[in-house]
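Encoded as structure tokens, the structure appears first; notes follow it.
To find a chain, count down the sequence lines: A is the first, B the second, and so on, and within it residues start at 1.
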There are 2 protein chains.
Amino acid sequence: MRYFVALAETLHFGHAAARMNMSQPPFSRQIAGIEKALGVRLFERNSRHVALTPAGRHFLGDCRKTLAAFEAACRDAQLVASGVKGELRLGFTMYAAQSVIPRLVRRYAEIRPDVHLILEERIPTEIDEMLLEGRLDAAVNFATGDNPHLKTASLGRDRLQLVVPADHRLAGEEAVGPQQMEGERLIAAPAAVAPTLRSAIAIYFAAGGVVPFFGFEPRLQQTIVQLVAEGLGIALVPQSISAQLPAGTVSRPLIDAPEFDVVLCAPAASKSPTVPSLFEVAMMA
Amino acid sequence: MRYFVALAETLHFGHAAARMNMSQPPFSRQIAGIEKALGVRLFERNSRHVALTPAGRHFLGDCRKTLAAFEAACRDAQLVASGVKGELRLGFTMYAAQSVIPRLVRRYAEIRPDVHLILEERIPTEIDEMLLEGRLDAAVNFATGDNPHLKTASLGRDRLQLVVPADHRLAGEEAVGPQQMEGERLIAAPAAVAPTLRSAIAIYFAAGGVVPFFGFEPRLQQTIVQLVAEGLGIALVPQSISAQLPAGTVSRPLIDAPEFDVVLCAPAASKSPTVPSLFEVAMMA
DNA sequence: TCCATTCGATACCCCAGAGGTATTGATCAT
DNA sequence: ATGATCAATACCTCTGGGGTATCGAATGGA
């Protein structure tokens, strides 16, 4: 096809052959071969003049399109392999949506404008599942501590904080410990949804020798604080949630507050070419 | 590329090779060759499982597009060569635009819907020029009689007719001959524009022994009858023009009226694949 | 745990076909 | 008429695509 285009552009077998870095005789044969294969005369020629037939003229346009598609295919394959182009399915928790996701996504989109980011908001446990099943390339989640199938990069550390109704007896305390919360109804996400936070809470109370009483178990931290605002209980939620506490609630620091990492994670065996630069962005920020 | 698509679709070297009518070992080598040429790993594979890499997935889509473009190019080349698809630059006179062109074009478009008709309205002499220079594939024109470089097919015969102002002295005549028009100002297209009609008129008068007096020389028959309507003279115009005579004019038959052919013509050496079926349509109608 | 089976990779061979050189034949300008 | 130009042809070479035989790794059943 390149041969054909070269000849169609030069209308001279010798020159076209030279452009293709070959000698004229085999070039002539190639053109004849194309015409024979198609069963169509593409050039009107005698030993002096070469001209395109109507079919050849039409074929020239089609060849250019085909060659362009071919070049693009090769180029794009390399770009996708290098991670410059392609897609990245990024999972994240609602918690992350409010804290680290916006900046992370913005920075990544700046250095990789041709990567199509597919953002999937899910609950923490579902994110891990999807990562391991390959339905996500990477995700922002609470650190699970030790999963050999995942590689992680810390995006920052956060701590739990007490949130109580404004008129609650603990609202006036400077800092609160486990014992002071004894008997209170604790609103928290179930372990099946946010194991990291749930176990952090459990350990915190266990360390204080208190058996926590959990009631209501919504999935989102945002819902939890709404229920607190309604006076349905108290909650231990990430500090960065406090930025948007509903009216009628106050937050108090915890004594020896449990801390946890927010991490970017991806399958350890991930070969998604777009993931490494996401980790780079994460480490830089 | 076909090999790649086959493997991407089957994800099995043996089956893909079978689909390509070849054995597995050379097929494997081809795939490896593609990956090496691109410098990109397209399949993640061990001796048990074959899977597309992200780059391979993207490449698959591009390959399908490229192959489709290639198939279309080959198919279209054959269609264009056979005259089923392509373009046809058809010249015609304003006279023809009113008479034979609409039906001819309509019938042709019915049997050749994929041929792009480029209609070019020109004066008769210019049409001949353009045909010989190859700027038109075919044209509807007045018969010139004998041009060895053109092949023609008659589209019908027409005759000249007298058109005079409604209040003209000849308006009441049953039929009119040359002598009766002696001294009248004749409005006609110049020989440089419409030689066939002009010479037909000249011969008609010469046969009657009358020397015609030409005044005004518009290019279009339609303009000629408009000038007659304004009382600026009389004219001999094709009968089929009479269908749309302007108000204030009447037409009268001529005694021994000059006749002429309206023909479809194309360069005798024309290799435009779309032209033959236009001639077929013309002959049928 | 071991063996049979499956499947992709490798080794080696063969030949079609792409490319090279020399030459012919046709066309055009002088 | 003659030389120059240019595509086509003849003939040769050798790369590379395709074939067969085989290996080696992974899997599943006994």
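Using cut-offs of 30° and 60° on the angle between ring planes, the pair B:Phe260 and B:Phe142 is perpendicular.
Not one side-chain nitrogen or oxygen of A:Arg45 sits closer than 4.0 Å to the OP1 or OP2 atom of C:dA26. Residue A:Ser28 places at least one side-chain N or O closer than 4.0 Å to OP1 or OP2 of D:dA8.
Whole-Å rounding puts the B:Ile31 CD1 to C:dT10 P distance at 14 Å. In this structure, NZ of A:Lys36 is placed 14 Å from P of D:dA8, rounded to the nearest angstrom. A straight line from CG of B:Leu7 to C1' of C:dC7 spans 12 Å, rounded to a whole angstrom. Rounded to an integer number of Å, the gap from B:His15 NE2 to C:dT6 C1' is 10 Å. The distance between atom CD1 of A:Ile34 and atom P of C:dG17, rounded to the nearest whole Å, is 15 Å. Between the P atom of C:dG8 and the CG atom of B:Leu42 lies a distance of 16 Å, rounded to the nearest Å. One atom, CZ of A:Phe13, and another, P of C:dA26, lie 17 Å apart when rounded to the nearest Å.
Side-chain contact check for B:Ser277 and B:Arg112: at least one donor-acceptor pair (N or O, by modelled atom type) lies under 3.5 Å. No side-chain donor-acceptor contact under 3.5 Å links A:Ser272 and A:Ser270. Between the side chains of B:Ser82 and B:Gln78, no donor-acceptor pair of N or O atoms lies under 3.5 Å.
With a 6.0 Å radius and a threshold of 12 heavy atoms from other residues, nucleotides or ligands, B:Arg219 has its CZ atom at or below the threshold.
Between the side chain of B:Arg89 and the main chain of B:Gly134, a donor-acceptor pair closer than 3.5 Å is present. Looking only at distances, a side-chain donor or acceptor of A:Asn141 sits under 3.5 Å from a matching main-chain atom of A:Pro124.
A salt bridge between B:Glu126 and B:Arg135 is absent, with no side-chain N of the basic residue lying under 4.0 Å from a carboxylate O of the acidic one. A salt bridge links A:Glu9 and A:Arg19; the closest N-O separation between the charged side-chain nitrogens and carboxylate oxygens is under 4.0 Å.
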**OP:** Would you give a per-nucleotide map of nucleotides 21-30 of chain D, 5' to 3', where B means the base has a protein non-hydrogen atom under 4.0 Å away, S means only the sugar-phosphate does, and - means neither?
**Re:** B--BBBS---
At a cut-off of 3.5 Å, list every protein nitrogen or oxygen paired with a nitrogen or oxygen from nucleotides 11-18 of chain D, distance to 0.1 Å.
from	atom 1	to	atom 2	distance (Å)
D:dC11	N4	A:Arg29	NH1	3.0
D:dG17	O5'	B:Gln30	NE2	3.4
D:dG18	OP1	B:Tyr3	OH	2.8
D:dG18	OP2	B:Gln30	NE2	3.4
D:dG18	N7	B:Arg29	NH2	2.3
D:dG18	O6	B:Arg29	NH2	3.4

